[in-house]
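Notes to accompany the following structure.
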Amino acid sequence: MPSLLESKIAFLGGGNMASAIIGGLVSKGVNKQNICVSEPWEVNREKIAAVGVNTTTSNVEAAGESDIVIIAVKPQVAKTVCEELGAAWAGRESLPVVVSIAAGITLESLQEWLKTGDGRIAHVVRVMPNTPALVSEGASGLFASKDVTGEEKELVNALLSSVSKATEWVEKEELLDVVTGLSGSGPAYFFAMVEHLIASATALGLPKEQATRLAAQTCLGAGKMLVESSDDPSQLRKNVTSPNGTTFAALQSFEAEGFAEIVNKSVKAATNRSAELGGAK
């Protein structure tokens, strides 16, 4: 198994997440000529080609003799793409590691679709990334088929570390639905919170531009403290909260409105919807 820097890497689909990973790989020193992207849309293909990597409209051509194949297509076309690969790989001596970031497509489905004519199945890893990967601050949950080796996991870790600061392997596939509810959908929760912070401050007289800058930086700064501090979130909260002070008053309002239950229901709703979408494939 070659190292990441030596690997040939194929992307089937050239959307935002694929582009983010490609950018991260190039910044890590991966040879652009070792990356090939299959993308049917000319606009996306030209955008990716401008980075200096190889592009094509053929999934089979892109996968070629790649060591890693990333399935980054829309879920509704994943079956067609995987079956196309399985048919093409029937005579291939060794199969690549397949990494799927196609939301909701189960490992069982991927393995069934990728089965070659001679009965072999590529080793498969499912990944649930999130949009902060676009600025190299992603968080990803991963689940591997039983045949994925430790060496292959390290290769996938290296691949994702180009855009993810947190890469977490889960023990059961259904936990990827929880990852979806937590970090996959999580950025939107923070964006919504910041939206409301800005609206509240603006209603109280602060200019919107100032409120936006202060709220955004507060979110960024708090996140950085979470990542860099040895304290857990509850302790960091306590550190900011003086008895009967301003923060205390705000948190008391949160508690009165059932904030904990609101968050709990939200994460559960996203988790359940992820499971429903996976079961519908």
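Just so it is clear, the model here is predicted, and its values are computed rather than measured.
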Do side-chain atoms of [X] reach the backbone of [Y] as a donor and acceptor pair under 3.5 angstrom?
X    : Y    : result
E257 : F259 : no
H123 : V97  : no
T180 : L176 : yes
E173 : L107 : yes
N272 : K268 : yes
N130 : G138 : no
N54  : Q33  : yes
K32  : V51  : yes
R45  : P40  : yes

To check you understand the geometry: which heavy-atom pair defines the closest contact between [X] and [Y], and what is its length?
X    : Y    : value
N157 : W169 : OD1-NE1, 2.8 Å
S38  : S58  : OG-C, 3.4 Å
L12  : A62  : CD2-CB, 3.9 Å
V69  : A63  : CG2-CB, 4.1 Å

Is the closest side-chain heavy-atom distance between [X] and [Y] below 4.5 Å?
X    : Y    : result
E261 : K265 : yes
R92  : T116 : no
L114 : L95  : no
L160 : P129 : no
L25  : I21  : yes
V178 : V170 : no
I105 : W113 : yes
L4   : I9   : yes

Exercise. So R237 and L251, side-chain contact (heavy atoms from CB on, under 4.5 Å) or not? Walk me through it.
Worked result: CA-CA 10 Å; R237 171 181 53 77; L251 293 178; 3.9 Å; yes
Exercise. Is a side-chain donor-acceptor pair under 3.5 Å present for N239 with Q235?
Worked result: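 Judged by distance alone, the side chains do pair up.
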Is the count of non-hydrogen atoms from other residues, nucleotides or ligands lying under 6.0 Å from [X] atom [atom1] greater than 12?
X    : atom1 : result
E174 : CD    : yes
M225 : CE    : no
E255 : CD    : no

Exercise. For V156 and V148, what are the C-alpha separation, side-chain angles and deciding distance, and is it a side-chain contact (heavy atoms from CB on, under 4.5 Å)?
Worked result: CA-CA 10 Å; V156 176; V148 173; 6.0 Å; no
Problem set entry | Matching residue for S140 among S183, S164, S161 - test: side-chain hydrogen bond (donor to acceptor under 3.5 Å, both in side chains) |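 Output: one option passes, namely S164.
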For this session: Would you check, one step at a time, whether the test side-chain contact (heavy atoms from CB on, under 4.5 Å) holds for E168 with V179?
Result: CA-CA 9 Å; E168 303 292 335; V179 172; over 6 Å; no
For this session: Go through the steps for K115 and Q111 under the test side-chain contact (heavy atoms from CB on, under 4.5 Å), then give the verdict.
Result: CA-CA 6 Å; K115 186 178 293 184; Q111 290 176 315; over 6 Å; no
